[in-house]
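See below for the structure under consideration.
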Amino acid sequence: MISSLILTEDQLRREVEIIGNTGKFVFDMETIPSAPGMDDRGVPARNQALWMGLATKGRTAQIPMGHPIGTKVIGERLDPRTDKNGKVRNFRVPVYERPPEQLDRATVFDIVNPLFADPDIQQGGHGFTFDLATVAKYRGGLIPVGKSVCTIEAHHLTDENRMRYGMKYVTKDLYGYTYDDENVGKTVEKYTLEMVRHYLHCDVKYAWLEWQRCEPLIIEQGLEELWDMECRLTSVLADMRCKGVMIDTKRLDELQIELTALAGERERAVYAAAGKKFNLNSPPQKQAILYKPVSEGGEGLEGWRFTKTGQEKVDLGQTPDHTFYSTDDEALSSYPDNAVARAILDYQETNKVLTTYVIGYKGDPDAKDKPARVFDSIIYPDFVQYAAGTGRFGCREPNLQNVPAPRTTLGKLVRGLFIARPGCILVVADYSQIELVLLAHFIGFGAFWDGFLKGIDPHTMTAAMAMGVDPELLQQQVHGNVLEAKNARNKYGKSINFATVYGAGLKKLASMMGVSYDKARGFKRTYDRNTPEISDYRSEILREARRHSKARTGFPPHTKTLLGRMRRLPMLLAHNEKKRMYAERQAFNHIFQGSSADLTKMAMVRFHERVKEIGKPWHLILTVHDELVVECPEEDAEACCDLLVWAMTGEGIQELVSLPLKVETAIVKNWASAK
DNA sequence: CGCGATCGCGCC
DNA sequence: AAAGGGCGCGATCGCG
């Protein structure tokens with residue numbers, strides 16, 4: 001491949017012309033913080049572009065825009081730095097030649113922008129939302145318009161089980177090539193011009209090759225429509241990444257003060273109850289305190305649930321000691337009479353919120369690895385379209401998909417931190433019972449199916465099937481607030497439905513239902529007798545999945561979603577029963593979890609593209625599996641809500657599912673007010 | 001000191 | 001007889 005360092009306008013114009021004629025290119029941005037000492041190089045709305053890398057058929061180009069150092073070492077200087085003991089020491093630091101004259105950002109974007117503005121030119125990159133969002137601020141906030149190919153997504157569609165999709169690992173495993181032992185991309189400005197140039201050349205070269213490798217595979221595997229949807233989604237995610245979510249920073253600060261005090265109080269209460277100090281964030285130390293006999297300074301509690309490794313050791317025939325037992329919430333909750341267990345539970349509730357959400361968002365200036373996630377009252381989460389094997393999103397830095405739900409006081413406080421910008425409002429919509437609707441859809445008849453058509457709630461329906469009573473009667477009782485009926489719905493119905501889509505066993509089911517093992521078994525038997533179509537469907541799906549093999553059909557055993565998204569699970573053929581049954585649960589669950597993700601992703605694309613057509617300032621800001629959150633001007637709330645409902649359930653998406661798709665909506669000032 | 005494993009826990 | 005799907009992240013702890 002031809003590789004060029006671009007230092008003049010003419011050189012850049014030539015590259016742009018070649019790319020324009022090819023109609024397809026890769027670009028990759030290397031960035032630095034918005035200001036010295038600021039930790040936002042990974043935040044596209046704020047960072048600064050330092051390099052742009054380009055690739056197209058047969059060539060790459062690297063464009064520095066103010067790289068601070070050259071390549072040759074011309075001397076050495078002593079740099080006084082304080083080490084961790086507070087001592088000042090002189091470090092020898094190489095001095096580099098001055099860098100060459102480079103193009104400035106404005107000039108580069110002037111010349112490159114026609115590529116970004118041309119809907120007929122396809123563009124791609126590895127983890128592409130970052131690059132799309134990074135360049136947007138140099139073009140008036142506009143995301144480049146052409147088809148956007150994220151090469152990680154492309155790879156993921158054809159190999160969803162791969163653990164690491166980073167370029168470093170991909171080049172090593174697929175191309176047998178290593179080029180970045182030093183993580184140059186993390187701090188490009190510290191490396192020599194030539195090192196960055198080579199790094200960037202490799203990045204765009206292999207992104208281009210990945211694109212060319214994956215595209216035919218995707219077509220061959222019949223995933224073209226899904227691929228088209230995911231490509232359009234990449235642009236949506238870039239927009240979300242630019243936008244971010246507003247946080248009530250005043251409340252966040254107040255919450256930090258309140259929770260720090262409360263956690264401290266509760267920590268002292270634990271020590272008082274235990275009669276000694278220990279590290280109450282350490283599971284091993286909690287085990288020692290709770291499960292060791294009184295004679296050895298413990299509370300002498302009888303453990304009843306093993307940890308994962310504890311269970312494995314028991315399976316190997318070892319005799320349990322205190323280190324085998326779990327100290328999780330459920331285990332501790334079973335000792336309501338023990339003061340230490342109670343005190344630990346109280347402490348953990350506040351400490352979890354304090355460390356994960358409050359400090360997690362604000363960052364800890366004293367800790368190295370705890371950067372702030374709030375910038376001028378905005379959090380910029382990274383929604384990752386290729387995070388889960390089922391097709392669901394992941395969300396990182398920070399994860400806004402595990403914000404406490406507004407069911408508890410603390411949950412309301414945390415979720416209430418997420419607010420609409422001034423003059424704006426949040427439109428929240430979530431699919432009702434989407435996984436169960438999909439289960440009924442795929443089976444195509446039976447109790448669920450009838451229930452959904454008659455408007456019977458699926459948990460009520462399942463409770464009725466488990467107790468052998470008339471579903472419509474039970475539904476009436478639930479609506480009439482009959483206590484036993486509501487309990488049956490919430491405990492029995494919900495639990496069995498969860499157990500169905502997740503594949504939980506009877507032991508788990510009993511504990512979820514809050515009844516004895518025997519009673520749970522009885523309910524499950526009645527349920528299975530009344531809904532044979534469900535277990536029949538499961539067997540059929542797994543049989544179908546196992547029919548596949550590389551030799552027979554070209555695919556490993558797998559299941560598929562509504563849009564044909566594959567989950568390949570070779571372990572469906574494992575002889576090891578544990579592993580095989582795990583794969584069976586994954587395979588079955590994938591159909592509903594993955595189809596739900598298909599619908600949500602598709603709805604996001606529909607909403608975003610329609611908004612662009614009508615030119616409204618409405619933006620998706622959050623996606624939480626079956627829930628979408630949009631921010632819009634207050635006066636647009638109703639219209640925006642209508643459009644969101646259309647995107648999620650209207651013509652063009654409803655046809656995919658043979659039962660009515662339903663959403664619940666809310667128009668709110670802060671996220672805690674929904675639901 | 002960085003890294004991975006483990007445990008635990010927030011969400012859907 | 002037994003079987004909880006999918007994430008990201010915080011804290012601790014042992015290892016190299």
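Here is the naming used below: chain letters follow the sequence lines, and residue numbers restart at 1 for every chain.
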Specify the residue among Arg415(A) and Lys286(A) whose closest nucleotide of DNA chain B lies further upstream toward the 5′ end. Lys286(A)
Report the nucleotide, chosen from dG10(B), dG4(C), dG10(C), that has the shortest atom-to-atom distance to any side-chain atom of Asn399(A). dG10(B)
dC12(B) C1' sits how many Å from Asn497(A) CG, rounded? 15 Å
The side chain of Lys507(A) lies closest to which of these nucleotides: dC11(B), dC7(B), dA3(C)? dA3(C)
Does the side chain of Thr323(A) pick up a donor-acceptor pair with the side chain of Asp321(A) at under 3.5 Å? yes
Quickly work out the Arg396(A) CZ to dG6(C) C1' distance and round it to whole Å. 15 Å
Flag the pair Arg521(A) and Asp518(A) as a salt bridge only when some basic side-chain nitrogen lies within less than 4.0 angstrom of an acidic carboxylate oxygen. yes
Here's a test of your reading of the structure: between Ser282(A) and Met581(A), which maps to the more 5' nucleotide of DNA chain C? Met581(A)
Among the candidates dG2(B), dG4(C), dC12(B), find the nucleotide nearest to the side-chain atoms of Lys508(A). dG4(C)
Between CG of Asn183(A) and C1' of dG2(B) the distance, given in whole Å, is 12 Å
Is any NZ, NE, NH1 or NH2 atom of the basic residue among Glu299(A) and Arg342(A) found under 4.0 Å from an Asp or Glu carboxylate oxygen of the other? no
Please report, rounded to the nearest Å, how far the P atom of dC11(B) is from the NE2 atom of His625(A). 11 Å
dA11(C), OP1 or OP2 - any side-chain N/O from Lys370(A) closer than 4.0 Å? yes
Can you tell me if the side-chain N/O atoms of Thr355(A) get under 4.0 Å from OP1 or OP2 in dC9(C)? no
Which whole-number value in Å describes the distance from Asp328(A) CG to dG10(B) C1'? 14 Å
Would one find a side-chain N or O of Arg407(A) under 4.0 angstrom from OP1 or OP2 of dC12(B)? yes
Counting only side-chain N and O atoms of Ser326(A), is one of them less than 4.0 Å from OP1 or OP2 of dG8(B)? yes
Taking the six-membered ring of Phe393(A), is the NZ or CZ of Lys601(A) close enough (under 6.0 Å from the centre) and on axis enough (within 45°)? yes
Please check the phosphate of dG6(C) (OP1 and OP2 only) for any side-chain N or O of Tyr582(A) closer than 4.0 Å. yes
Within the structure, does a side-chain N or O atom of Gln401(A) lie under 4.0 Å from either OP1 or OP2 of dG8(C)? no
Which nucleotide wins on minimum distance to the side chain of Asp626(A), given the candidates dG6(C), dG10(B), dC12(B)? dC12(B)
Minimum-distance nucleotide (side-chain atoms of Thr390(A) versus dG4(C), dT6(B), dG6(C)): dG6(C)
Counting just side-chain N and O atoms, does Tyr517(A) come under 4.0 Å of either OP1 or OP2 of dA2(C)? yes
Does Gln285(A) have a side-chain nitrogen or oxygen under 4.0 Å from the phosphate oxygens OP1 or OP2 of dT12(C)? no
Spacing of Leu628(A) atom CG relative to dC11(B) atom P, expressed in whole Å: 19 Å
Rounding to an integer number of Å, can you tell me how far Leu345(A) CG sits from dC9(B) P? 8 Å
Any donor-acceptor pair under 3.5 Å between the side chain of Arg585(A) and the base of dG5(C)? no
Please determine whether a side-chain nitrogen of the Lys or Arg among Glu584(A) and Arg546(A) lies less than 4.0 Å from a carboxylate oxygen of the Asp or Glu. yes
Between CG of Asp369(A) and P of dG2(B) the distance, given in whole Å, is 8 Å
Using the side-chain heavy atoms of Ala405(A), tell me which of these nucleotides is nearest: dC7(B), dC11(B), dG5(C). dC11(B)
